[in-house]
Structures are given as C-alpha cells and as structure tokens.
Protein chains: 2
Amino acid sequence: MSDMYRAISDPIRRKILNMVAHQELPQLEIVRAFHISQPAIKKHLAILLEEELLLERREGKYCFYRLNVPIFQNGYEQLQHELGHILENKLTKLKQYLEEDL
Amino acid sequence: MSDMYRAISDPIRRKILNMVAHQELPQLEIVRAFHISQPAIKKHLAILLEEELLLERREGKYCFYRLNVPIFQNGYEQLQHELGHILENKLTKLKQYLEEDL
DNA sequence: CATACATATAACCAAAAGGTTATCTGAATG
DNA sequence: CATTCAGATAACCTTTTGGTTATATGTATG
C-alpha cells in the first residue's frame, strides 16, 4: 500500500524523489549524491518502491530509477487535501467567531 | 526543532491535529476518540508538542490542547513548496520535451 | 478527609528505521 | 577467462516508534 507520509518522512528520500523527478538515474549516481553506504541507499529505495513512488528498470548491470509521477501526484494531492482540511477547520472557526461578533 | 514530516507521519497524530484545530480539547476527550491507552495518546501529544504543532494549557486537573496555527501553517507551506518542487521538476522536463518536439 | 478523576511517569516490549561491514551475484571488459 | 564494477543480500547494531500495564501525583468532590 502506498503510504505517502512514510515515504516522505526522511530527508534523504525526499532528495532522492527530487533527483529522479529530474531524470532517470542509475543507483550508482544516487549513492554518489549522499555520504552513506550503498546498502543504506538501497533501503531507502526499497521503501520508496514499496510505497510505489519509484519505478525501476534494469539494464545490464545498471538499475535505473525514476519517479512514479501519477502515484506521487495523487499522494501529494491527498496529503494537501488532508492537511489543508486542518487549516480550513481553523478558518471556519475564525469565520464563525467573526460572524458572532457582528 | 520543528519537523513537520515527523509530526504528520502517524494517522493518529493527524487526527489529533484535526480535532484540536476545531477547538481546544482536554486530553481526556482526545483519549476517548481513540481505542488506545492514555499513555499512548500522551506520547503522540508529546511528539506534537516537541515539534511545536500543539500548545497546551493547564487548568486545574485538566490539560487542554490546541493547534499552534502559525507553526502548522508555516510547516505546511514549506512542505507544499518542497513537494511541489518535485512535480515542477517533472513538469519542466515535460515542457522541455515538448519544446524539443517542435 | 477519603475517594474519584485527569494526567504523568516508569518499566517494559516488539517492530521499524536507519545505519554499518562483509560478502555474494551477475554483467562487462582488458 | 580473470578482473572489475553495479547492485543485492546477510548479519548485525542502535535508536525510535508505538504500544502495553501498573503506579504515582495532584486536583476536585461527596
């Protein structure tokens, strides 16, 4: 299942998402962009794959990753809706307060 | 430090934020809204307080919680900016592709 | 003042997160 | 074909997360 919140909760994963939104990249290039080990990056990629935010393509010894745009977009919209709703509630209350004041 | 992503990564915490955006609530009412123990809720509240997304007010034996609107709003805007940027990157690439096609 | 109630805290637990090093596999290359 | 290179996997570690039960503290209330 795609848990957007889990996927984006780590800054390394957010940076990875940003990188592969620009362009499809082999794992090696992603690893080079950070100062942690290849297996550590692999685990982040595994989480992003598990949450379906990445697509992978094998080509010989290289493994390329790219953003799964529809899933990401959908997850982002749902998140915006959910968090936006919290502020709407607040604004509704403010509106009610102002109306009572009239 | 305020880590919005950490705060919102749990569905229970998101629901709590929603509840206290509506109105200031005593801990008891928050506990009653879930099927987990009072100490468990307390830990979620502690995380939300740590990330400064909640304000607490003691009144006798009651402890009231409310949304820290400015911090939440700011965190939400930063999050939108960061995640929105990922899609912008993608759209920029699409734009480039379409322009190349002309 | 004894009791009930709201909250806080301690001790414990299992699972997940985030990292490491070492090693294996499988593809490409001198 | 031996070696190198990219990636996968295993074993291990520490900290965090998310929960539990039991108990303490402090405020109201009959």
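A, B, ... follow the sequence lines: proteins, then strands. Residue 1 opens every chain.
In this structure, the nucleotide among C:dT7, D:dG18, D:dT20 sitting nearest to the side chain of B:L28 is C:dT7. Residue B:P26 has its side chain nearest to C:dT7 when only D:dT21, C:dT7, D:dG18 are considered.
Of the two residues contacting DNA chain D, namely B:K61 and A:Y65, the nearest-nucleotide position lying further toward the 5' end is that of A:Y65. Residue whose closest nucleotide on DNA chain C sits further toward the 5' end, between A:A40 and B:C63: B:C63. Position along DNA chain C of the nearest nucleotide to B:R58 versus A:Y62 favours B:R58 as the more 5'-ward residue.
For A:Q27 and A:E56, the side-chain atoms include no donor-acceptor pair closer than 3.5 Å. No side-chain donor-acceptor contact under 3.5 Å links A:Y65 and A:E29.
Atom CD in A:E51 sits roughly 12 Å away from atom P in C:dA16 (whole-Å rounding). With rounding to whole Å, B:K43 atom NZ is found 8 Å from D:dT20 atom C1'. Distance, A:L45 CG to D:dT9 P: 13 Å, rounded to whole Å. One interatomic measurement links the two molecules: CD1 of A:I30 to P of D:dA6, which rounds to 14 Å at whole-angstrom precision. In this structure, the NZ atom of A:K42 is 13 Å from the C1' atom of C:dC24, given to the nearest Å. Remark: C1' of C:dG18 and CG of A:L48 are 14 Å apart, rounded to the nearest angstrom. At whole-Å resolution of the value, CD in A:Q27 and C1' in D:dA6 are 8 Å apart. Distance A:E50 CD to C:dG18 P: 12 Å, rounded to the nearest Å.
Interface remark: the A:Q38 side chain does form a donor-acceptor pair with the D:dA8 base, using a distance-only criterion of under 3.5 Å.
Note on B:S37: a side-chain N or O is less than 4.0 Å away from OP1 or OP2 of D:dT20. At C:dG18, one or more side-chain N or O atoms of A:R13 fall inside 4.0 Å of OP1 or OP2 (strictly under the cut-off). Contact check, B:H44 against D:dG19: a side-chain N or O comes under 4.0 Å of OP1 or OP2.
Ring geometry, A:H81 versus A:H85: the interplanar angle falls under 30°, so the pair is classed parallel (tilted spans 30 to 60°).
In this structure, the side chain of A:R13 engages the main chain of A:A7 through a donor-acceptor pair within 3.5 Å. Proximity of a side-chain donor or acceptor of B:Y76 to a complementary backbone N or O of A:I86 within less than 3.5 Å is not detected.
As judged by a 4.0 angstrom heavy-atom cut-off over every strand, A:R32 is placed among residues making no nucleic acid contact.
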